[in-house]
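Structure record follows, encoded as structure tokens.
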Amino acid sequence: MKLTSKDFSALRMPAIALAAAVAVSTLMVWFTSDQRAQAERQYRAQQTSLRDARIRFQRSGDERETVIHFVEAYRQLEKIGFVGKEQRLNWVESLRTADTSVGLFGVEYRILAQEPYPYIAKDNPIAERIRQSRMNLSFGVLHEDDLARLFRALAAQRSGMFSLNSCFLDRSGRVGSPMPRQANLTAECELSWLTIDPMGGNS
């Protein structure tokens, strides 16, 4: 069968329509694929955001439980003066009260400048926050047991936290048998009052 020019003229419009249909179909397939890819990316992003939100929520819940669990102990540490700024007046008053309650003969003291506390590992996350104020003490005692009695009485005042660094007893100048109700020994002690700065600043 031989096609004439008249036949080509008759087929021109259907051919154009078919080409247009194919082009539109191709464009629609491309557009649909692109939209699907975008939707998948948005879905993955939303899933990631949801997972992150769940993790943050869980962590906040864990942190809240930790705070609730330790808040009372933290307040007690604040109350006795371990958390926050050093309280030298309270320390001195507690020392005088302890001396009186034990029945000693007075205590001479000297408080040094605050400094980092050296007896804690450097890799400890709170190492830089713990500070010490060393206090040198000189006092007379009847016998060795008075040392323990004094420091127990000092701790009972709950005016801070301290560590006893050293104590030396000296009998120099004492002769004869120990006498009641008088200082038979001289004690030289050093203790460290400890504080922690919750904000991490230097005092």
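Throughout, residue positions are numbered sequentially from 1 according to the sequence presented. Only this structure's heavy atoms are used, side chains among them; waters, hydrogens and symmetry mates stay out.
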- Task: Sequence neighbours left out, what pairs pass side-chain hydrogen bond (donor to acceptor under 3.5 Å, both in side chains) with at least one residue falling in residues 91-101?
- Result: Ser94-Ser159
- Item | Flag, side chain of Arg131 to backbone of Thr195, donor-acceptor distance under 3.5 Å | no
- For residues Leu164 and Phe151, determine if any side-chain heavy atom of one lies less than 4.5 Å from a side-chain heavy atom of the other. yes
- Item | Closest contact, heavy atoms only, Val102 versus Arg149 | O-NH2, 3.1 Å
- Hey, could you give me the CG/SG distance between Leu137 and Cys167, rounded to the nearest 0.5 Å? 7.5 Å
- What's the spacing between Phe82 CZ and Leu194 CG if we round to 0.5 Å? 6.0 Å
- Between the side chains of Gln114 and Gln132, does any donor sit under 3.5 Å from an acceptor? no
- Query: With hydrophobic residues grouped by side-chain heavy-atom distances under 4.5 Å, do Ile111 and Val107 end up in a single group?
  - Reply: yes
- Query: With a 4.5 Å heavy-atom cut-off, do Ile130 and Asp197 have their side chains touching?
  - Reply: no
- Query: What's the shortest heavy-atom distance between Phe105 and Leu142, and which atoms?
  - Reply: CZ-CD2, 3.9 Å
- Are any non-hydrogen side-chain atoms of Asp146 and Leu104 less than 4.5 angstrom apart? yes
- Item | Results of side chain to side chain contact (heavy atoms under 4.5 Å, CB included) for Leu169 - residues two or more places apart only | Val141, Glu144, Leu147, Leu185, Ala187
- Verify the distance criterion only: is there a donor paired with an acceptor across the side chains of Thr186 and Asp170 at less than 3.5 Å? no
- For Phe162, ring-ring contact (aromatic ring centres under 6.0 Å, His included) partners two or more places apart: Trp193
- Message: Is any side-chain heavy atom of Glu115 closer than 4.5 Å to one of Arg134?
- Response: yes
- Query: Measuring from Asn124:CG to Arg129:CZ, what's the distance to the nearest 0.5 Å?
  - Reply: 11.0 Å
- Partners of Arg88 by salt bridge (charged side-chain N to carboxylate O under 4.0 Å, His left out), sequence neighbours excluded? Glu86
- Contacts satisfying ring pair (Phe, Tyr, Trp, His ring centres under 6.0 Å) that involve residues 120-144 (not counting sequence neighbours) are none
- Message: Checking Ser138 against Glu188: is there a side-chain donor and acceptor pair closer than 3.5 Å?
- Response: yes
- Query: How far does CE of Met161 sit from OG of Ser163, to the nearest 0.5 angstrom?
  - Reply: 9.0 Å
- Counterpart residues, ring-ring contact (aromatic ring centres under 6.0 Å, His included), relative to Tyr117 (two or more places apart): Tyr119
